Protein chains: 2
Amino acid sequence: MTRRHASIDVDDHPDRGIPRATGKTTIASDQTLHRRILADIEDKIVSGAWPPGHPLPFEVDLAAHYGVSRMTVNKVMGQLVQGGLIERRKRLGSFVAQPKAQSAVLEIHDIGDEVRSLNLEYGYERLSLSRRRASGDDLAWLADASAGDVLAITGLHLAGGKPFCLEERLINLETVPQAADVDFIAIAPGPWLSSLIPWTTAQHRIQAVPADRREHRLLELTPKDACLVIERRTWNGSGPVTRVTMTYPGNRHVVTADFRPSGS
Amino acid sequence: MTRRHASIDVDDHPDRGIPRATGKTTIASDQTLHRRILADIEDKIVSGAWPPGHPLPFEVDLAAHYGVSRMTVNKVMGQLVQGGLIERRKRLGSFVAQPKAQSAVLEIHDIGDEVRSLNLEYGYERLSLSRRRASGDDLAWLADASAGDVLAITGLHLAGGKPFCLEERLINLETVPQAADVDFIAIAPGPWLSSLIPWTTAQHRIQAVPADRREHRLLELTPKDACLVIERRTWNGSGPVTRVTMTYPGNRHVVTADFRPSGS
DNA sequence: TAGTGGTCTAGACCACCGC
DNA sequence: CGGTGGTCTAGACCACTAG
């Protein structure tokens with residue numbers, strides 16, 4: 001065991017230090033090795049015992065300490081890195097990361113599921129559909145992609161018969177030519193696309209805007225109300241796919257995001 | 001090689017199928033094995049060649065196909081699972097996941113850094129501070145924690161001399177007793193806490209509200225403007241730490257979130 | 001019951017980089 | 001130069017579960 005770093009301040013029981021459920025910490029005993037070790041080290045960091053910047057023991061030492069092979073420790077360290085809890089540098093070692101930007105996970109569900117999970121009846125009503133050549137506003141989204149035709153759809157999602165959210169969507173017909181043959185009356189563009197288009201990259205922008213006249217009418221708002229606008233642009237391997245802005249009544253809708261230390 | 005699943009429809013070159021940079025796909029050739037294999041499989045999924053529900057070859061077959069050991073393939077599959085691209089079930093195999101809930105990563109930066117990254121001068125002004133016993137509203141946040149004292153701080157973050165965002169914060173003095181000795185005039189509560197308190201769990205709620213009178217005045221808004229309100233509740237290993245409400249002028253501030261297929 | 005994923009090992013080689 | 005993390009292997013055992 002090398003001598004650098006402060007000694008491994010884990011209790012050094014005769015069981016070679018593998019964390020057990022018998023202590024005060026809540027660690028399930030019927031876990032895999034790397035899960036228990038991960039939980040143990042996470043606890044050290046989260047509890048503040050190992051503050052930001054604190055050096056972690058080397059892989060070899062951790063392996064010896066927990067009585068496992070280096071590969072197992074390496075797996076744990078990899079998960080800690082991906083969770084943003086530690087940073088690693090060759091020759092130097094591993095260190096508890098400085099909490100820079102908290103990253104939270106924002107789950108964007110299908111609107112139908114979202115509504116039904118509230119025990120409300122879901123409905124969708126197409127308001128308009130038009131095919132047109134990409135114009136000025138659209139081009140900013142299409143970027144340098146050759147300006148072809150786009151499909152513009154607006155629709156209203158209903159929850160329990162009442163307006164839930166207004167959808168304004170643009171579909172790039174160069175990437176998704178099949179969309180030209182759909183009228184999007186029986187099915188909303190979102191689920192139609194997600195069943196067809198594979199995984200992609202997406203950017204979201206969230207902002208608050210005062211409701212304008214059209215939103216007063218469609219979303220049954222009063223002139224003073226605010227709207228939460230979520231804009232999502234989606235790309236594919238072959239280019240821009242769709243851009244959608246969802247306008248929610250701000251007083252009735254909330255976006256939630258959770259944060260967890262590690263990926264698990 | 002077992003016979004289930006459609007045959008591995010990767011080009012079966014004499015080089016045993018290890019993806020190279022020579023093809024049409026953009027895969028860096030000087031990558032590690034598991035990165036190249038990961039990129040290869042990701043491409044299969046993202047491009048739609050393997051649609052949702054499509055069965056992946058078994059680990060043994062993939063290992064044989066790529067000419068690597070099963071551990072390497074297993075590492076790749078683990079990353080695909082964590083990226084939400086595939087689902088695995090024992091005895092059945094691995095399948096391309098149905099795109100259910102898109103999950104985006106929301107980065108919560110330090111406000112000072114955020115302002116300075118806009119090339120604006122950052123400033124902070126404390127508006128009020130009071131210590132009080134936890135009352136009705138606070139208790140909902142503290143949950144069943146014993147109701148002790150809380151510190152209530154309001155402050156204004158400035159960008160280029162102009163109001164940027166209004167902060168209303170509650171600090172649980174039972175979890176962070178040290179906060180009682182700070183006046184939070186020279187330093188905002190956010191950075192002070194993050195330099196002191198280790199990593200934790202957090203919940204975010206984002207909504208749009210019409211600006212009220214106080215916000216008109218403090219944020220220099222007109223009566224019609226909307227505000228973007230981000231509420232963050234933070235827990236520690238030892239209990240609730242802080243609850244903060246950030247109110248941004250909705251027309252000037254946007255929250256962005258990105259989505260990537262895999263953790264990489 | 002047989003085949004799959006999940007896990008773990010003991011060892012190995014290498015690139016990197018501070019000393 | 002030496003020690004660290006990064007990677008990869010060949011093999012092993014086990015739990016789970018469809019058939």
Side-chain angles (χ1 to χ4, degrees), chain A residues 1-6 8 15-19 28-41 54-83 85-97 263-264, chain B residues 1-6 8 16-19 28-41 54-82 85-97 263-264:
Chain A
M1 184 184 292
T2 58
R3 291 272 163 186
R4 265 200 63 244
H5 288 168
I8 309 176
D15 59 36
R16 306 185 74 180
I18 300 183
S29 68
D30 57 347
Q31 288 284 339
T32 60
L33 278 180
H34 68 267
R35 279 197 183 278
R36 279 190 284 179
I37 299 174
L38 176 66
D40 192 51
I41 299 184
H54 184 88
L56 273 72
F58 301 124
E59 281 194 1
V60 192
D61 298 339
L62 283 172
H65 177 261
Y66 288 116
V68 300
S69 88
R70 209 191 122 208
M71 272 298 292
T72 306
V73 169
N74 185 278
K75 183 171 189 174
V76 171
M77 303 298 266
Q79 288 171 324
L80 287 171
V81 167
Q82 191 168 7
L85 281 178
I86 69 171
E87 289 174 359
R88 317 192 75 187
R89 271 192 290 175
K90 296 188 183 185
R91 176 72 197 185
L92 282 184
S94 310
F95 303 88
V96 177
S264 154
Chain B
M1 184 185 291
T2 59
R3 289 271 164 188
R4 264 201 63 245
H5 288 170
I8 309 176
R16 307 187 72 182
I18 300 182
S29 67
D30 58 344
Q31 287 283 340
T32 60
L33 278 181
H34 68 267
R35 279 196 183 280
R36 279 190 283 179
I37 299 174
L38 176 66
D40 193 51
I41 299 183
H54 184 87
L56 273 73
F58 300 122
E59 281 193 1
V60 193
D61 299 337
L62 283 172
H65 176 260
Y66 288 116
V68 300
S69 88
R70 208 193 120 206
M71 273 298 292
T72 306
V73 169
N74 186 279
K75 183 172 186 173
V76 171
M77 303 298 267
Q79 287 170 325
L80 287 171
V81 166
Q82 191 168 8
L85 282 179
I86 68 172
E87 289 174 359
R88 316 192 74 187
R89 271 191 289 172
K90 294 187 184 183
R91 176 71 198 189
L92 280 185
S94 309
F95 303 87
V96 177
S264 158

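The analysis underlying the following values was restricted to heavy atoms, covering all of them including side chains, and did not include hydrogens, waters or symmetry mates. All figures in this text were calculated on a predicted structure; none of them were measured in a lab.
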*Asks:* Quick test of your reading: applying salt bridge (charged side-chain N to carboxylate O under 4.0 Å, His left out), list the pairs with at least one residue in residues 67-81 of chain B, sequence neighbours left out, ordered by first then second residue.
*Replies:*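 Pairs touching residues 67-81 of chain B that pass the test: B:Glu59-B:Arg70.
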*Asks:* Enter the distance from B:Leu80:CG to B:Gln82:CD here, rounded to the nearest 0.5 Å.
*Replies:*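 Answer rounded to 0.5 Å: 10.5 Å.
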*Asks:* Using the criterion of both pairing distances under 3.5 Å for Watson-Crick and G-U wobble pairs, give all stems of 3 or more consecutive pairs involving DNA chain D.
*Replies:*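 Counting only runs of 3 or more consecutive pairs, the stems involving DNA chain D are C:1-18 with D:1-18.
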*Asks:* Would you kindly give the CG-to-P distance between A:Leu92 and D:dG3, to the nearest whole Å?
*Replies:*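 Value for this atom pair: 15 Å.
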*Asks:* Between D:dA18 atom P and B:Arg89 atom CZ, what is the distance in whole Å?
*Replies:*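 Spelled out: CZ on B:Arg89 to P on D:dA18 is 7 Å.
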*Asks:* Could you tell me the separation between the CD atom of B:Glu87 and the P atom of C:dG5, rounded to a whole number of Å?
*Replies:*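 Value for this atom pair: 14 Å.
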*Asks:* In Å, rounded to the nearest 0.5 Å, how long is the span from CG of A:Asn74 to CG of A:Leu62?
*Replies:*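 Going from the CG atom of A:Asn74 to the CG atom of A:Leu62 covers 11.0 Å.
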*Asks:* Once rounded to the nearest 0.5 Å, what's the spacing between atom NE2 of A:His34 and atom CD of A:Gln79?
*Replies:*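 It comes to 5.0 Å.
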*Asks:* Summarise protein proximity over nucleotides 6-12 of chain C in one line of letters, 5' to 3': B for base, S for sugar-phosphate only, - for none, counting protein heavy atoms closer than 4.0 Å.
*Replies:* BBBBBBB
*Asks:* Please state how far atom CD in A:Gln82 lies from atom P in D:dG5, giving the value in whole angstrom units.
*Replies:*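 Going from CD in A:Gln82 over to P in D:dG5 covers 19 Å.
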*Asks:* Quick one: B:Asp61 CG to C:dG3 C1', roughly how many Å, whole number?
*Replies:*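 From B:Asp61 CG to C:dG3 C1': 12 Å.
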*Asks:* Return the minimal non-hydrogen interatomic distance between A:Leu56 and A:Met77, and the atom names on each side.
*Replies:*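 So the minimum-distance heavy-atom pair works out to CD2-CE, 3.9 Å.
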*Asks:* With a 4.5 Å limit on heavy-atom distance, are the side chains of B:Tyr66 and B:Val76 in contact?
*Replies:*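 No - every pair of side-chain heavy atoms lies 4.5 Å or more apart.
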*Asks:* Hey, could you give me the CD/CG distance between B:Gln31 and B:Leu38, rounded to the nearest 0.5 Å?
*Replies:*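 The CD atom of B:Gln31 sits 10.0 Å away from the CG atom of B:Leu38.
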*Asks:* On a plain distance test, is the side chain of B:Arg91 in donor-acceptor contact with the base of C:dG5 below 3.5 Å?
*Replies:*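 No, no donor-acceptor pair under 3.5 Å.
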